Amino acid sequence: MKPRPQDEAIMDGLLEYLESKNSGTEVPVAAALYDKDLTLLAMSTNQRESTADPSAHAEICVLREVGQKRSNWNLEGLTLFVTLEPCMMCAGAILQARISRVVFGAFNTEVSYSSTIELLREGNTQLEVVGGVRDEKCSLVLSKWFSKQRVEKG
């Protein structure tokens, strides 16, 4: 699928949010949920380290927040934006929440299994998945962070 004109602007905003919120201890990934009118419903970064919760990926955090606000787990009609291709755990949560559209930035090149895009598309043939939106910018944020981690750990 091709990105829509507003997808790049939203991803740029998500990258700005990530820059302002990331503490340096969390892997720098941000996610946001928007409704069909592109109204922002929730935005988060990874929180695994700060919460000691292995499931506190940015995607899971925004799904939880919006589900709780709406008192409904069914998030059909919403679009999830995320700076990194969702992992298998997040892909499962996206399918369970019935998200209608996923837009991500960097492709996850660290995975040894086939792309989660295939999992998402097979799990819900109606789900629109758009990858590589601002791929270079999103990838650069991650590669800088991992380089810094390697230097600090010596």
Side-chain angles (χ1 to χ4, degrees), residues 1-70 75 77-113 115-117 119-120 127-153:
M1 300 276 172
K2 285 188 163 190
R4 297 176 186 170
Q6 65 272 25
D7 291 347
E8 291 182 348
I10 291 172
M11 192 63 71
D12 286 340
L14 198 51
L15 285 165
E16 288 174 22
Y17 173 78
L18 179 59
E19 187 177 323
S20 72
K21 293 291 181 186
N22 195 278
S23 64
T25 58
E26 302 282 356
V27 176
V29 176
L33 267 174
Y34 286 80
D35 69 12
K36 63 180 170 43
D37 299 319
L38 294 179
T39 301
L40 177 63
L41 303 174
M43 192 177 285
S44 184
T45 58
N46 277 350
Q47 298 177 25
R48 287 179 2 152
E49 298 296 328
S50 61
T51 62
D53 179 353
S55 68
H57 290 198
E59 301 96 308
I60 302 289
C61 293
V62 295
L63 293 174
R64 281 184 183 144
E65 183 177 337
V66 173
Q68 290 170 355
K69 282 181 185 175
R70 293 180 162 203
L75 304 179
L78 302 185
T79 299
L80 174 70
F81 286 84
V82 61
T83 56
L84 177 64
E85 179 180 5
C87 69
M88 297 293 280
M89 175 184 69
C90 293
I94 290 163
L95 291 172
Q96 290 298 310
R98 298 191 179 156
I99 296 296
S100 297
R101 187 166 184 260
V102 176
V103 179
F104 68 86
F107 286 89
N108 189 347
T109 58
E110 298 296 314
V111 294
S112 58
Y113 47 85
S115 173
T116 54
I117 296 172
L119 172 68
L120 289 167
L127 176 63
E128 181 182 348
V129 182
V130 180
V133 175
R134 296 291 195 236
D135 180 26
E136 288 183 24
K137 286 183 177 182
C138 293
S139 294
L140 185 61
V141 168
L142 288 161
S143 60
K144 282 182 177 179
W145 186 84
F146 281 108
S147 290
K148 183 179 177 189
Q149 294 301 307
R150 283 189 290 274
V151 167
E152 288 177 1
K153 290 182 181 180

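Model, not experiment: these values are computed from the prediction. Numbers here are sequence positions counted from 1.
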Inset, instruction - Return the set of residues passing side-chain contact (heavy atoms from CB on, under 4.5 Å) with Ser143 (not counting sequence neighbours), or none when no residue passes. - result: Leu140
Legend entry - Residues, nucleotides or ligands: over 12 heavy atoms within 6.0 Å of Gln6 CD: yes
Inset, instruction - Look up atom CD1 in Ile60 and atom CZ in Arg48, then write down how far apart they are to the nearest 0.5 Å. - result: 11.5 Å
Legend entry - Reported NZ-to-CZ distance for the pair Lys148 and Arg150, which is rounded to 0.5 angstrom: 13.5 Å
Inset, instruction - Could you note down all residue pairs passing ring-ring contact (aromatic ring centres under 6.0 Å, His included) where residues 86-109 supplies at least one of them, sequence neighbours left out? - result: Phe104-Phe107
Inset, instruction - For the residue pair Asp7 and Arg101, establish whether any side-chain heavy-atom pair is separated by less than 4.5 Å. - result: yes
Legend entry - Any residue meeting salt bridge (Lys or Arg N to Asp or Glu O under 4.0 Å) with Arg64, in chain and number order, not counting sequence neighbours: Asp53
Inset, instruction - To the nearest 0.5 angstrom, please state how far the NZ atom of Lys36 sits from the OG atom of Ser100. - result: 11.5 Å
Inset, instruction - Go through the structure and list residues passing salt bridge (Lys or Arg N to Asp or Glu O under 4.0 Å) with Glu65, not counting sequence neighbours. - result: Lys69
Inset, instruction - Taking Glu59 for its side chain and Ile94 for its backbone only, find out whether a donor-acceptor pair lies under 3.5 Å. - result: no
Legend entry - From CD1 (Ile99) to SG (Cys90), nearest 0.5 Å: 11.5 Å
Legend entry - Set of side-chain contact (heavy atoms from CB on, under 4.5 Å) partners for Ala106, sequence neighbours left out: Leu84, Asp135, Cys138, Ser139, Leu142
Inset, instruction - Using salt bridge (Lys or Arg N to Asp or Glu O under 4.0 Å) as the criterion, list what pairs up with Arg4, not counting sequence neighbours. - result: Glu128
Legend entry - For the student: nearest non-hydrogen atoms of Pro54 and Met89, plus distance: O-CE, 4.0 Å
Inset, instruction - Applying side-chain contact (heavy atoms from CB on, under 4.5 Å) between Leu33 and each of Val82, Thr79, Leu78, report the one that passes. - result: Leu78
Inset, instruction - Please name all residues satisfying side chain to side chain donor-acceptor pair (under 3.5 Å) with Ser20, sequence neighbours left out, ordered by chain then number. - result: none
Inset, instruction - Taking the side chain as every heavy atom from C-beta outward, state whether Asp12 and Lys137 have any pair of such atoms under 4.5 Å apart. - result: yes
Inset, instruction - Kindly give the heavy-atom pair with the smallest separation between Ala91 and Leu120, and that separation in Å. - result: O-CD2, 3.6 Å
Inset, instruction - Check step by step if side chain to side chain contact (heavy atoms under 4.5 Å, CB included) holds for His57 and Val29. - result: CA-CA 8 Å; His57 290 198; Val29 176; over 6 Å; no
Legend entry - Within-4.5 Å side-chain heavy-atom neighbours: Leu38 and Ile10: yes
Legend entry - Closest heavy-atom pair and its distance - Leu18, Pro28: CD2-O, 3.4 Å
Legend entry - salt bridge (Lys or Arg N to Asp or Glu O under 4.0 Å) against Lys144, all qualifying residues, sequence neighbours excluded: none
Inset, instruction - Find out whether Thr116 and Asn108 are in side-chain contact, i.e. whether some heavy atom of one side chain is under 4.5 Å from a heavy atom of the other. - result: no
Inset, instruction - Quick one: closest heavy-atom pair of Leu63 and Ala93, and the distance? - result: CD1-CB, 3.8 Å
Inset, instruction - Examine distances only and state if a side-chain atom of Asp37 and a backbone atom of Thr39 form a donor-acceptor pair shorter than 3.5 Å. - result: no
Inset, instruction - Sorted by first residue and then second, give each ring-ring contact (aromatic ring centres under 6.0 Å, His included) pair with at least one member in residues 1-20; sequence neighbours left out. - result: none
Legend entry - Minimum-distance pair of heavy atoms, taken over all atoms of Val102 and Pro86: CG1-CG, 4.3 Å
Legend entry - Polar side-chain atom of Asn46 near backbone of Val27 as donor-acceptor pair, under 3.5 Å: yes
Legend entry - Backbone N/O of Ser50 and side chain of Glu26: donor-acceptor pair under 3.5 Å: yes
Inset, instruction - Please name all residues satisfying side chain to side chain donor-acceptor pair (under 3.5 Å) with Arg70, sequence neighbours left out, ordered by chain then number. - result: none
Inset, instruction - Could you pull out all residues at least two apart from Tyr34 that satisfy ring-ring contact (aromatic ring centres under 6.0 Å, His included)? - result: Phe81
Legend entry - Residues in side chain to side chain donor-acceptor pair (under 3.5 Å) contact with Glu8, at least two apart in sequence or another chain: Arg134
